[in-house]
Amino acid sequence: MAFRNTAHERNIATYTLRCLNRATPPRPSHPRCVLAEPPTYGASHWGRRAPWCRWMSTSQSGFISKVPQHPTWEPVAERQLPPPTKVSLDLVDKLERLALVDFGSQEGVECLENAIRFADQLHVVDTEGVEPMDSVLEDRALYLREDTVMEGNCAEELLRLSRITEEEYFVAPPGNIPLPKREERSAMLKHSEL
Amino acid sequence: MAASCSGHSAMLHKCVRFKSLCNVHLCSGVFIRRIWTSRSKCQLQPKLQSKSSPQMVGVVALEIHAQIQATSKLFSSSRVGFSAPPNSHVSFFDASLPGTLPVLNRRCVEAAVMTGLALNCKINTKSLFDRKHYFYSDLPAGYQITQQRLPIAVSGSLSYSYLGGKKRSEVMMKSVRVRQIQLEQDSGKSLHDDQRSRTLIDLNRAGVGLMEVVMEPDMCCGEEAAAAVRELQLILQTLGTCQGNMAEGQLRVDANVSVHHPGEPLGIRTEVKNINSARFVARAIDYEIQRQFEVLESGGTVLNETRSFDSKTGTTVPMRDKEGLQDYRFMPEPNLPPLFVYEGVASVPDGIDPAQAVVIDRLKAQLPELPGVKRTRLMEEYGILPEHSFTLVNENGLMEFFERVVQKTKTEPRKLIGWVIKELIGNLNLQNLKVTQSPVSPEALAQLLNLLESGFISSSAAKVVFQEMWKAPEKGVEQLVKELDLELISDREELVKICQRVLEAHPDLVQVIRGGNKKVLNKLMGSVQKESKGRADPVQLRKILEEMTS
């Protein structure tokens, strides 16, 4: 069964380590919510090997990937799509409060709207008579691992990633502070210690 | 470790949320056991009676988070361990670094299935994982992986009982429905430093496997809830699926409390959190019921809110509201396909190694004798009282101790239960020892009881010997009896001599007895026992004294 092999061969720790050791972490260029090109490091749960191997090896290397070997696409005309979603400032406010993030500006809101527009293309897919799925692999058994300790003891390494630490702790702002009203927010962020 | 631990707490003396981190070892398990014998507060529940409406009652539902007893976490292979240096048991996945993925621990699935079976649940052979989003700094991913839509076990029940009635010796049998058991991740721990206005984060607990046991609102007061919690705790400990130590946070109880008139729809409920010992379960709930009675009686309304129990004042206080309405934005966990477990080995599909699969029948066969069954068996087999069966089962290792004594002696179980429950437990508690640490072995106690049974020593002498055994467990019982010169005086002549001495010392009493007041004989018997250090056989002694005073 593919999944069993998967987890035996996969090694998250090594994989992540590679990311950590890179001089600059790969970040999509500015607007974060625009869908970037398929992330080169995107981990696939399903590949028989860790994904970076796939990108390094040729597609004829002999293993069967569950990802199609060649991308195909057809352009979707604007008129096939539903009307674009407009994101109200109130909704932005709610999302910001729920996730304690700051969209920042009108530009950020446009980003979000563009992302929704991108996803609108899925409306074109004919799903008549298809049971909704969470994943295209949901008929596969979930791999179960043995209850053994293989990771941990890397506090130092992890704490290095944090801007502020105290002894062996990460340091965060106190509790869940309610976000101030839109108007007050930028002023508050400027004076924040953290 | 202890040193560094106290260092942290000194630094954080104003920390709120987990301030007792370092002290918990000392007090753990001491009150938990006492729940059956302590007077609970159910009967103190106020009877609110107004002229227009019938009496209101409390309604209690529980959500219990049980930490799964496993070596590694639910989705990562870092260690599960209490009171380790901060952030030492954290993998990259636990810290939610990009590119890491969950890999499910089979042990956690098996533990949830076993717990489900023990709680008479239907096990879902297919269950799903979901993400529940909320923002808190001890939850680095910004979401918790849980089972919202299709949990691993549903529709069960938990039978529990407690001692009630006027004399608190009547066994009250109750049952509560278990809505579901879901697998989910634990969060990290936050230490709030109010003085410096910041939070310290320890992710050691982040990602530890939890079973959330959701119970229906079938309970009516703190005592019932506490008994249900205690029973669940015992079941989990018997199964070995959770260590169940509330002080260490291995078992966490949240109570949903409301009040209503029987027959009417349920009232608005509050959720009471931070109940961190079994003793407080009853207290927190009864306080909250009482508070809601009073709010309604004074014409107010109960708010749907989260309240925190303050063990110092014994009250519940509103928790700072988390940003108004919670929206967890549940979504299917995209990184985990459905979890399948199988009824029997035969139903494991081709391509999956049956040895690797979670098979319900196999786990069913491994289930140990559960506490309820144990109690019934003890009562039937040994003819002991229900309350004694509770003590035997509730105290870890006590039942095994008792049964070993029973095997090794001719004394009737009903007669020796007092030795185990009173003498043994009394001494253990005095020295703060567990049953398994008892210096007196079941065999030694059995030997002592055999001496008593065969009339070699008196029962008062046996108690003296028992205390000595405690002090010098390396010495044999017979050796102690000899050293202490406690064996019964079998020589009649010797006994008569002692009696003679006593009678000569109390001519007045002899006069009274001869005058017809036979009760005074007991006084003489006491004096003789004192003189003989309890070595006189009471029956024989009475006979001699009667003869001598007639």
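Throughout, protein chains are lettered first and strands after them, A, B, ... in sequence-line order, and every chain is numbered starting at 1. Keep in mind that what you see is a predicted model, and the values were worked out from it rather than measured.
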Trainee: Evaluate B:L104 against A:Y143 for side chain to side chain contact (heavy atoms under 4.5 Å, CB included), listing each step before the verdict.
Mentor: CA-CA 7 Å; B:L104 185 55; A:Y143 170 75; over 6 Å; no
Trainee: Could you tell me whether a side-chain N or O of B:R106 sits under 3.5 Å from a main-chain N or O of A:R145, the two making a donor and an acceptor?
Mentor: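 Flag not set: sc B:R106 to bb A:R145 has no pair under 3.5 Å.
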Trainee: Suppose we screen for side-chain hydrogen bond (donor to acceptor under 3.5 Å, both in side chains). Which residues come up paired with B:N124, at least two apart in sequence or across chains?
Mentor: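 Counting only residues at least two positions away or on another chain, B:N124 forms a side-chain hydrogen bond (donor to acceptor under 3.5 Å, both in side chains) with B:K122.
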Trainee: When rounded to the nearest 0.5 angstrom, what distance separates CD in A:E157 from CG in B:L97?
Mentor: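 Output value for this atom pair is 9.0 Å.
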Trainee: Excluding sequence neighbours, so at least two apart, what forms side-chain hydrogen bond (donor to acceptor under 3.5 Å, both in side chains) with B:R362?
Mentor: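 For B:R362 there are no side-chain hydrogen bond (donor to acceptor under 3.5 Å, both in side chains) partners, ignoring immediate neighbours.
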Trainee: Which bit of B:F75 is near chain A, if near means a heavy-atom gap under 4.5 Å: side chain, backbone, both or neither?
Mentor: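 When you check distances to chain A, only backbone atoms of B:F75 fall under 4.5 Å.
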Trainee: Assess whether side chain to side chain contact (heavy atoms under 4.5 Å, CB included) is satisfied between B:V358 and A:L144, documenting all intermediate values.
Mentor: CA-CA 9 Å; B:V358 175; A:L144 298 173; 3.7 Å; yes
Trainee: Can you tell me if A:D147 uses its side chain to pair, donor with acceptor, with the backbone of B:R107 under 3.5 Å?
Mentor: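 Side chain of A:D147 to backbone of B:R107, a donor-acceptor pair under 3.5 Å: no, none is there.
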Trainee: Any idea which heavy atoms bring A:L142 and B:P338 closest together, and the distance?
Mentor: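 Scanning both residues, the minimum pair turns out to be CB-O, 3.5 Å.
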Trainee: For B:A70, is it the side chain, the backbone, both, or neither that has a heavy atom closer than 4.5 Å to a heavy atom of chain A?
Mentor: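 Both parts, backbone and side chain.
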Trainee: Rounded to the nearest 0.5 Å, how far does CG of A:L158 lie from OG of B:S91?
Mentor: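 These two atoms lie 8.0 Å from each other.
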Trainee: Supply the atom-to-atom distance B:S77 OG to A:E146 CD, rounded to the nearest 0.5 angstrom.
Mentor: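 Between B:S77 OG and A:E146 CD, I get 12.0 Å after rounding to 0.5 Å.
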Trainee: First locate atom CE of A:M150, then atom OG1 of B:T71, and finally report the distance between them rounded to the nearest 0.5 Å.
Mentor: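 Answer for the CE-OG1 pair, A:M150 versus B:T71, is 13.0 Å.
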Trainee: Between B:S137 and A:F170, does a side chain to side chain contact (heavy atoms under 4.5 Å, CB included) hold up when you go through it step by step?
Mentor: CA-CA 9 Å; B:S137 22; A:F170 296 103; over 6 Å; no
Trainee: Checking side chain to side chain contact (heavy atoms under 4.5 Å, CB included) against A:V171, which of B:D193, B:I201, B:L200, B:T199 comes through?
Mentor: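 Among B:D193, B:I201, B:L200, B:T199, the one that satisfies the side chain to side chain contact (heavy atoms under 4.5 Å, CB included) with A:V171 is B:L200.
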Trainee: Give, as side chain, backbone, both or neither, the part of B:V109 having an atom under 4.5 angstrom from any heavy atom of chain A.
Mentor: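 Contact with chain A: side chain only.
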Trainee: Less than 4.5 Å to any heavy atom of chain A: does that hold for the side chain of B:I68, its backbone, both, or neither?
Mentor: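 B:I68 has no heavy atom closer than 4.5 Å to chain A.
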Trainee: Compute whether any side-chain donor of one residue and acceptor of the other, for B:S78 and A:E151, lie under 3.5 angstrom apart.
Mentor: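 A:E151 and B:S78 do not have a side-chain donor-acceptor pair below 3.5 Å.
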Trainee: Answer yes or no: are there more than 12 heavy-atom neighbours, outside A:E156 itself, under 6.0 Å from its atom CD?
Mentor: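 Counting neighbours around CD of A:E156, 12 or fewer heavy atoms of other residues, nucleotides or ligands fall under 6.0 Å, so no.
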Trainee: Look at the side chain of B:N87 and the backbone N and O of A:A155, then say whether any donor-acceptor pair between them is shorter than 3.5 Å.
Mentor: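 No: the side chain of B:N87 does not pair with the backbone of A:A155.
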Trainee: With a 3.5 Å distance limit and no angle check, can you tell me whether B:R79 reaches the backbone of A:T148 through a side-chain donor-acceptor pair?
Mentor: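 Not confirmed, B:R79 side chain does not pair with A:T148 backbone.
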